[in-house]
Amino acid sequence: MIEVENLEVAFGKGGNLKQVVKAVSFSVARGESLGIVGESGCGKSTVLRSLAGLDRHWTGRISLNRQSVDKNRTIEQLLLAQMVFQDPYGSIHPRHRIERVLAEPVRAMKKGGGWDRVPKALERVGLPAGFAERFPHELSGGQRQRVAIARALVLEPQILLLDEPTSALDVSVQAEVLNLLSDLREQQGLTYVLVSHDLSVIAHMCDRALVMKDGVFVDELDRADLQAGRTHAEYSAVLFQSSFL
Amino acid sequence: MPVPDSTSILTVRNLNVNFARSTLKAVDGVSFTLGAERLGIVGESGSGKSTLGRAIMKLLPNSAKIEAEALEFAGTSLGEASEKQMRKLRGNEMALIMQDPRYSLNPVLSIGNQVAEAAKLHLGLGKAAAYKAAAGMLERVRIADVERTMRLYPHQISGGMGQRVMIAMMLLAKPRLVIADEPTSALDVSVRGDVLKLLDELVTENNSGLILISHDIRMVAAFCQRILVMYKGRVVENLVRLEDAQHPYTRGLVAAMPNPRHPVRRLQVLDRPSIDAAEVRS
Ligand SMILES: Nc1ncnc2c1ncn2[C@@H]1O[C@H](COP(=O)(O)OP(=O)(O)OP(=O)(O)O)[C@@H](O)[C@H]1O
Ligand SMILES: Nc1ncnc2c1ncn2[C@@H]1O[C@H](COP(=O)(O)OP(=O)(O)OP(=O)(O)O)[C@@H](O)[C@H]1O
Ligand SMILES: [Mg+2]
Ligand SMILES: [Mg+2]
């Protein structure tokens, strides 16, 4: 479903040039859930943004659904992959009511007015219909993150790029959101790339995980590795040690 | 584990917060005292943790009605303090690390200037020295590539970098009371360990009190000496060890955490009717 070859991302120019992602390659099968863990600032969100078509600093090859995609995407290509952002504050327009937050992407992608999809979208993530009329600052952090997931789902993408989707959530809502994500994947055959610093979340959700440090992948762990805490690189061993698991 | 200092830094008695548009109290009759210790507050999303933290700092919007029998910080009654007095206390004597760091940083000032400003203000340093102190502190919170990062603006740094920038600014101020609202939620676990160690050093060195708000129960249990559990605006349990949890809500939270050693297909979710029933009985 996703194939990435020699993806490189650099920001800045000349002496200020910073190579953030360094020639990484990976692929994700249809219906698979791939986890990415790694040091803060190592480039995880940048990888996801490149996949989602939100960042144009990349070079290399990305193909989604067997189609090679460019930095400038067609609407159909943009519809393939939706991203749930790391911070539920910055990613939702502070002065728009929730109904508008949910309808906006539908209109932006020229798929209709979007308003008719709002009740279903809220219901899907377990929020009461009345929230449609609220403003983001009237919701708690966790409620906002459910809105963010609802917004990504409203376009019915085949790929969900999840950037720390539950790091702002308490464990009880996290359990609900993770179960929701598992169900959606099962029912609709969605493909996930999930970034999290929480190894227990990765172990629960993913078939496979890549460990990233300083712009490259230093380790790859399968389901059994994740469950047993078995690692093949020094850095991933440190991650397991500091996880209080 | 050392016995918490009994002289209190913060006293909260019967604190209530009501938002205009809501019939339910966001904070409902909360009482606790804080000494020179690490106190954790856990509870689900919307249970009122951030509202409690902001009420103590008097940073709630006008639509919020705050009432308390007592709200005292180091001998000062915060209830009676003017906005001018509060501004002086905030960032000096009491600090709040907000849940979303990039939101609370000034978007039009470079990171270097913001942190240096904190050093100027709190250490009374000149421009060059403040810049150097800022760089040193950013290094201590494990920002890699400090020089470059200082030239960036808030929207150009990662979520975890933003949290550490906020923490660095607070470490320069050395406040008596630190309220950290999800201060490490965007940090990878290895950096998180270092940041927690720094927070602990700050608290120990200055005899300060720390309130750590987090949904990460494992981390709070490992780091804090005491844990308050909040549910629907109320403190339902005051624990020293997580294992001692009695309330069905707390037990439900523990059971909802994924555990790699015991993989399950679906995670347990809270049985709200039975929790609410227990609430009514108590
Ligand atoms: N627009 C930009 N301009 C300059 N540098 C940038 C920009 N966006 C990201 N970076 C840099 O790229 C690096 C990686 O950032 P990224 O957000 O991908 O990290 P991350 O792995 O997601 O970290 P975290 O776990 O803290 O969210 C950082 O050093 C950051 O400063
Ligand atoms: N400005 C506001 N106006 C109206 N209601 C609000 C406002 N701020 C918060 N609330 C409501 O008050 C309750 C408590 O919110 P608060 O942000 O304190 O929760 P929290 O425990 O910090 O949650 P989270 O873990 O998701 O951050 C929620 O139901 C929220 O919707
Ligand atoms: Mg990120
Ligand atoms: Mg909060």
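As a basis for the values below, the full set of heavy atoms in this structure was taken, side chains included, without hydrogen atoms, waters or symmetry mates. Naming: A, B, ... by sequence-line order, numbering from 1 per chain.
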Check your understanding: Among A:Ile202, A:Leu178, A:Asp183, who wins on heavy-atom pairs under 4.5 Å with chain B?
Key -> A:Asp183
Practice item. For each of A:Lys44, A:Glu138, A:Arg134, tally heavy-atom pairs with chain B at distances under 4.5 Å, and name the one with the top tally. Key: A:Glu138
Practice item. Counting only heavy atoms closer than 4.5 Å, note whether B:Gln268 contacts chain A via side chain, backbone, both or neither. Key: backbone
Review point. Is it the side chain or the backbone of B:Arg265 that comes within 4.5 Å of chain A heavy atoms, both, or neither?
Key: both
Revision key, fill the gap. Between the OG atom in B:Ser158 and the CD atom in A:Glu39, the distance rounded to the nearest 0.5 Å is 10.0 Å
Review point. What is the distance from atom CG of A:Asp198 to atom CZ of B:Arg192, rounded to the nearest 0.5 Å?
Key: 7.5 Å
Got a sec: does the [atom1] of [X] have more than 12 other heavy atoms crowding it under 6.0 Å?
X	atom1	result
B:Glu243	CD	yes
A:Arg208	CZ	yes
A:Gln187	CD	yes
B:Lys65	NZ	no
A:Lys18	NZ	yes

**Study point:** Nearest heavy atoms of A:Ser200 and B:Pro258, plus distance in Å
**Key:** CB-O, 3.5 Å
Revision key, fill the gap. Smallest heavy-atom separation, A:Val171 atom then B:Leu253 atom, equals CG2-O, 3.4 Å
Review point. What part of A:Phe11 lies closer than 4.5 angstrom to a heavy atom of chain B: side chain, backbone, both or neither?
Key: neither
Practice item. Please flag which part of A:Ala175 lies under 4.5 Å from any non-hydrogen atom of chain B: side chain, backbone, both or neither. Key: both
Review point. Side chains of A:His204 and B:Asn259: does their closest heavy-atom pair fall under 4.5 Å?
Key: no
Review point. Is any side-chain heavy atom of B:Pro263 less than 4.5 Å from a side-chain heavy atom of A:Arg223?
Key: no
Review point. Passes side chain to side chain contact (heavy atoms under 4.5 Å, CB included), A:Gln227 versus B:Arg261? Steps please.
Key: CA-CA 6 Å; A:Gln227 277 163 16; B:Arg261 313 240 178 284; over 6 Å; no
Review point. Is A:Glu176 salt-bridged to B:Arg266, cutoff N-O under 4.0 Å?
Key: no
Review point. Yes or no on side chain to side chain contact (heavy atoms under 4.5 Å, CB included) for B:Glu44 and A:Gln174, after CA distance, side-chain angles and deciding distance?
Key: CA-CA 9 Å; B:Glu44 69 181 326; A:Gln174 168 173 287; over 6 Å; no
